[in-house]
There are 2 protein chains.
Amino acid sequence: MSSGLSPSESPASEPSASGPLRKGDATRARIIDAATRLAAARGLMAVSLGDVAEAVGLSKSGLFKHFDSKEAMHEAVVQMVVERFVNWILDGAEIQPPGRSRLEGIFDRWLHWAETEWEETGCPIMALSVELDDQPGPLKDLLQGRLREMRRRLVKEFQALRNPPLSEAEAQAAYFQMKSFLLGQSDARRMMGDADTHRAAQAAFQSLLDRTMRPPAQEPPAQEPPA
Amino acid sequence: MSSGLSPSESPASEPSASGPLRKGDATRARIIDAATRLAAARGLMAVSLGDVAEAVGLSKSGLFKHFDSKEAMHEAVVQMVVERFVNWILDGAEIQPPGRSRLEGIFDRWLHWAETEWEETGCPIMALSVELDDQPGPLKDLLQGRLREMRRRLVKEFQALRNPPLSEAEAQAAYFQMKSFLLGQSDARRMMGDADTHRAAQAAFQSLLDRTMRPPAQEPPAQEPPA
DNA sequence: CTCAAAAGAGCACGATCGGTCACTTATTGT
DNA sequence: ACAATAAGTGACCGATCGTGCTCTTTTGAG
C-alpha cells in the first residue's frame, strides 16, 4: 500500500488514533493544499490571503484560526510540499532492488510527479527553488535542508550502481546530470511547448546510466570537425 | 566591438542618428532595467510600481509617462531581457568557427550570463520561464517565440558538429541535454549551495560533445549490477 | 531666446492588501 | 445534555496597490 499512485498526505486521519485530532485539521490541510497550488502557479509571494480564502471557500479572517500570519502559512506550504515530494521519491526507491532498476524507478516517479501530479501548475518544488534561491531565510533553509537530505540518499543509490562502488564525486556528477534532465524536461515541455519531452528525458537518463555503469574504458577518438 | 564582456542595450544612443531620440529614452531604459532586476529576484508579479519607482528614483506617477500600465511595463521588461539574452548568446556564437569550439563558446557565454551577469538575482530568463510557463498570454508568447528562434539556431550548430551532419532529432537531443546542464547548474549553485558547479556543468557538457561527435560505434556491454 | 512638448511631481481615488476584534456557530470531552 | 472550546463570519483598520488628474520643471527645435 505504500506504493500508491498518488502522493498521500500525512497519515492518521481516523479519529481512532491518539492525540488531539481536531476536526479543523482537515481544513488546515485544505488551506495548505489550495495555497500550494496557487503558489506553484503564480509564485508564493504573489498569492494573497484573499485568493486562498476564496479558493478554499472560507472567509479571510477564518484563515487566521489556522495560521498566525501570512509568513506562517508560507512556512506550512513549503514544509508540507517538500515533505510530500521527498517521501514520494524515496518511498518509490524502496520498492525496487538497489541498482539500475531502483534509479530508473526514482527517475520515473520524479517525472510522474512533475508532469502528471502537477500538470496544471508545474512542479511546486522547481517553482519554489527558483523563487527562493536568492532569498535567504527560513523558507529557503527548510527547502534546502530537505532537498539536501534527499540528494544524499540518491547519491548513495548512484554509488551502488557499480561494484566496487562509484566514488562520491562520480556519483554526484551523475546525480547532477539526472536532476538536470528533470529540470530540462519541465522547461522543454512547459515553456517551450515541446512534444515527447518524456521520451527525450528518459533517453538521456538511460544513456547516463549506461555510461555510468560502464567501467572506464578506452574511448574511441572523436571525429575531426568538418571543413 | 560586438564581442564585449557585457550584454549591451539596444544600439543608437547618440543624438546624431535619425528618429525622435528623446532624452527620456534613457529614463525608460533605467526603469526597465530596475524592473527586470526586481523581477528576476522576486518574480514579475511580485514587483509593485512603487518598488520600481523607488529603485529608479522616480515618483510612481512619473512611471506612467513611459508606460501606459503595469502590464505594458511587464511586456517591455520581457521583450528587453529576452532580446539581450538571445543577442548575448548568438553574438558570441559568431566569433568562433562552426563546430565544437563554437558550441563551447556558446556554453561558456551562457554560463557567464547566468552566474556572473546575474549573480545577485539569478538568471531572469529562467525565472520568467518558470513563472510564465503556466500563464498563457502575450508575455509567454513573447518569451517563447524568441527562445524558439534561438534554439533553432543552436540546433543547427549541433548538426554542424559532424560530417555528414547530425540528424535534426540527434541535434535536438543534444540541445536538450545542453540546456538541461545549464538549468541544473543554476539550481545546484543557487538553491543547493553547491561549490564547483561551473566545473560540473562544463564536464558534463564536454562529455556530451565527445559522445555527440563520436560516430555511433559499438558500445561496450554494461557491467552487471552488484549482488 | 522662445515656446511647445516632454518629463516628472504631488495629490487623491477606489480597490485590495495583511491583520484585529467581537460575535455566532459547530464540535467535542465529560 | 451541557459547558468549554474550536471553527468560522463580518465589520473594520491602516497601509499599499494601480492609476487617473493637475500642476511645475526640464528639454530641445526654431
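Order of the sequence lines sets the chain letters (A, B, ...), proteins ahead of strands, with each chain counted from 1. Quantities reported herein were computed from a predicted structural model and do not represent experimental measurements. Note: hydrogens, waters and symmetry copies are ignored here, and every other heavy atom, side chains too, is used.
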statement: Per the under-4.0 Å heavy-atom filter, residues of residues 26-43 of chain B near DNA chain C come out as B:Thr27
- prompt: What is the bend of the helix from C:dC1-D:dG30 to C:dT30-D:dA1 when you compare the axis at one end with the axis at the other, using five pairs each and rounding to 10°?
  reply: 30°
Residue pairs fulfilling side-chain hydrogen bond (donor to acceptor under 3.5 Å, both in side chains) with at least one residue in residues 176-185 of chain A, sequence neighbours excluded: A:Glu115-A:Gln185, A:Gln177-A:Arg211, A:Lys179-B:Asp187, A:Gln185-A:Thr197
message: Contact list please: residues 47-62 of chain A against DNA chain C, heavy atoms, distance less than 4.0 Å, in numerical order.
response: A:Val47, A:Ser48, A:Leu49, A:Gly50, A:Lys60, A:Ser61
- line: Taken in chain and number order and not counting sequence neighbours, the residues that satisfy salt bridge (Lys or Arg N to Asp or Glu O under 4.0 Å) with B:Glu104 are B:Arg100
- prompt: Nearest 0.5 Å, what's the CD-CD distance between B:Glu75 and B:Glu71?
  reply: 9.5 Å
task: Output all residues satisfying ring pair (Phe, Tyr, Trp, His ring centres under 6.0 Å) with B:Phe158, sequence neighbours left out; order by chain, then residue number.
output: none
- prompt: Taking CZ from A:Phe64 and P from C:dA22, how many angstroms apart are they, rounded to a whole number?
  reply: 16 Å
message: What residues from residues 67-77 of chain A pass a heavy-atom cutoff of under 4.0 Å to DNA chain C?
response: A:Ser69, A:Lys70, A:Glu71
Whole angstrom value for the distance that separates P of C:dG19 from NE2 of A:His66: 16 Å
task: Would you sort out whether A:Glu157 and A:Arg153 count as a salt bridge (Lys or Arg N to Asp or Glu O under 4.0 Å), showing the intermediate values?
output: CA-CA 7 Å; A:Glu157 299 296 340; A:Arg153 272 283 315 267; 3.7 Å; yes
field: side-chain contact (heavy atoms from CB on, under 4.5 Å) partners for B:Ala203, two or more places apart
entry: none
field: Residues in salt bridge (Lys or Arg N to Asp or Glu O under 4.0 Å) contact with B:Asp108, at least two apart in sequence or another chain
entry: none
Just list the side-chain donor-acceptor pairs under 3.5 Å for residues 34-45 of chain A, sequence neighbours left out, or say none.
residue, atom, partner, partner atom, Å
A:Thr36, OG1, A:Ile32, O, 2.6
A:Arg42, NH1, A:Asp51, OD2, 3.1

- prompt: Once you round it to whole Å, what is the distance between P of C:dG19 and NZ of A:Lys65?
  reply: 15 Å
- request: Return the value, rounded to whole Å, for the distance between atom CG of B:Leu63 and atom P of C:dA6.
  value: 19 Å
message: By the side-chain hydrogen bond (donor to acceptor under 3.5 Å, both in side chains) test, which pairs, at least two apart or in different chains, include something from residues 124-139 of chain B?
response: A:Arg190-B:Asp133
query: With ring centroids as reference points, do B:Phe181 and A:Phe181 lie under 6.0 angstrom apart?
result: yes
field: Nearest-0.5 Å distance that lies between atom CZ in A:Arg109 and atom CZ in A:Phe85
entry: 11.5 Å
- request: Look at the rings of B:Trp110 and B:Tyr175 and say which category their plane angle falls in: under 30° parallel, 30 to 60° tilted, over 60° perpendicular.
  value: tilted
- prompt: What residues form a side-chain contact (heavy atoms from CB on, under 4.5 Å) with A:Glu54, not counting sequence neighbours?
  reply: none
